[in-house]
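Notes follow once the structure below has been shown.
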Amino acid sequence: MTHVAAPLADPDTFTAGPPWDLFSHLRAHEPVAWTPEEPPQSGFWSVTRHRDIVTVGRDWQTFTSSRGVSLEELDDEQLEHRTSLIDTDPPRHTTLRKIVAPSFGPKVVNGFETFLRGIVGHALDSALAMGTFDFVEHVSSQVPVRVLCRLLDVDDSVHTELTAWGDRLVGHTDPELADVLLGSVESEKYRLVPFRSPAALEVFEYGRALAAKRRAHPGSDLVTTLATAEIDGERLPQKDFDNYFLLLALAGQETTRQAVSLAALTLIEQPAALARLQEDPALVQGPILDEFLRWGPPVYHMRRTATRDAEIGGVPVTAGDKIAMWYPSGNRDSAVIPDADRFDLDRKSVDLLTFGKGGPHFCMGSFLARLELRVTLQELVARIDSIALAGPPERLRSTFVNGVKRMPLTVTLR
Ligand code: HEM
């Protein structure tokens with residue numbers, strides 16, 4: 001039997017960008033499609049319709065995160081070592097999430113705006129002055145990581161190390177970025193750490209050293225919050241601290257960087273939208289901002305695992321089956337989002353899947369990510385007269401992150 005969804009298991013598919021035609025075909029003809037994988041992996045269900053994605057994401061009792069949220073199949077020993085907030089179900093999940101959630105609430109995050117405008121302005125002014133430059137290197141990879149430095153209260157110079165770790169972790173299926181490729185014989189050595197990447201061990205070491213400092217001299221930063229948190233009178237076990245720290249260090253920069261690159265690409269491909277926003281940069285907010293996030297979503301999928309025999313959109317799935325929720329596909333589902341294949345600044349609201357939807361794992365950094373994207377886009381459109389690709393964008397080889405590794409641009413200033 002041929003499986004139409006099979007390319008979704010292959011990272012090479014995504015080096016040409018999101019497979020929009022395949023998503024569209026699957027939504028119309030096989031919205032819950034079996035997707036075979038190379039052994040020893042056992043295959044998964046690809047869920048591509050908006051409504052089904054929301055159903056799966058919401059029903060954590062039937063579709064658990066506790067077997068991991070990436071497609072890699074983990075045994076109990078691996079799970080014991082690698083589990084973080086994102087791979088945990090309620091009630092433990094709720095307790096863990098409460099530790100840092102207040103640091104990402106709208107009030108706290110809005111307080112970053114002035115600081116953010118400063119770093120965005122600085123990055124843009126130096127990049128745009130070059131005329132032709134790599135947008136990823138000089139703009140999109142600069143901004144979120146500096147916000148992360150501030151959240152961790154570490155010196156701004158650490159940003160190069162944080163970026164390099166992030167690249168090696170999310171690049172674990174990309175030969176250019178991975179020091180040890182996922183699935184390689186060598187990766188067996190790292191089976192007990194996230195992404196099977198030696199970079200994870202370096203992040204752990206860095207996080208532990210920071211935690212020791214903050215326990216001695218507490219501050220009001222994320223590391224202090226995590227390092228001094230207590231659950232039922234006990235500090236977080238070392239493994240929990242390590243994995244939580246790594247999750248924040250990664251989620252806080254890699255995804256938002258992609259959101260900024262993908263939104264810049266959208267501006268290039270949508271000249272009428274660019275012209276409108278140049279006239280009034282303040283328009284970049286609310287549903288217009290969400291339209292950029294809908295059109296260029298940084299995360300391809302999250303995985304769940306069926307805890308019992310169940311149905312998704314009428315298709316039976318069996319206990320133990322893996323399920324991938326393909327967010328970019330749901331974002332283009334015209335059954336929920338009218339005329340979804342059109343980029344449209346006039347939408348009154350956008351039923352966005354980019355940060356997940358409805359379930360307990362809804363992105364904790366969504367306010368921060370929106371603020372970073374809003375400020376960067378506003379400052380960019382206010383400065384440029386024209387913007388064009390100076391070469392094709394180069395994509396990350398990954399089924400997980402919709403990544404842009406390089407994007408050479410030429411701009412002229414206003
Ligand atoms: C545009 C940028 C971002 C995108 C597209 C994004 C996307 C996502 C998605 C899809 C999820 C999983 C949702 C689910 O399974 O239901 C998630 C979870 C999460 N995100 Fe983000 N994210 C972004 C930025 C950030 C930032 C800036 C942070 C800050 C550190 C962050 C922290 C987290 C955390 C901690 C979780 C796990 C929440 C949980 O398990 O309860 N994210 N994000």
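Atoms within a ligand are numbered from 1 in the order they appear, just like the ligands themselves. Just so it is clear, the model here is predicted, and its values are computed rather than measured.
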Does CD belonging to E176 count more than 12 external heavy atoms closer than 6.0 Å?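 Atom CD in E176 is packed in, count exceeds 12.
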
Determine, stepwise, if the pair L250 / V203 fulfils side-chain contact (heavy atoms from CB on, under 4.5 Å). CA-CA 10 Å; L250 190 66; V203 177; over 6 Å; no

Check ring pair (Phe, Tyr, Trp, His ring centres under 6.0 Å) between F292 and all other residues, then give those that pass, not counting sequence neighbours.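 If we apply the ring pair (Phe, Tyr, Trp, His ring centres under 6.0 Å) test to F292, skipping adjacent residues, the hits are F343.
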
All N/O donor-acceptor pairs, side-chain side in residues 20-33, below 3.5 Å, sequence neighbours left out:
residue	atom	partner	partner atom	Å
R27	NH1	S329	O	3.1
R27	NH1	S329	OG	3.0
R27	NH2	R332	O	2.9

Of all residues at least two apart in sequence or in a different chain, which pass the side chain to side chain donor-acceptor pair (under 3.5 Å) check with T132? T410

Please check: side-chain N/O of S140 versus main-chain N/O of V260, any donor-acceptor pairing under 3.5 Å? no

Between ligand 1 and the protein, tabulate every N or O atom pair separated by less than 3.5 Å, reporting distance only.
residue	atom	partner	partner atom	Å
ligand 1	15 (O)	R304	NH2	2.8
ligand 1	16 (O)	R304	NH2	3.4
ligand 1	40 (O)	H361	ND1	2.6
ligand 1	41 (O)	H93	NE2	2.6
ligand 1	41 (O)	R97	NH1	2.6

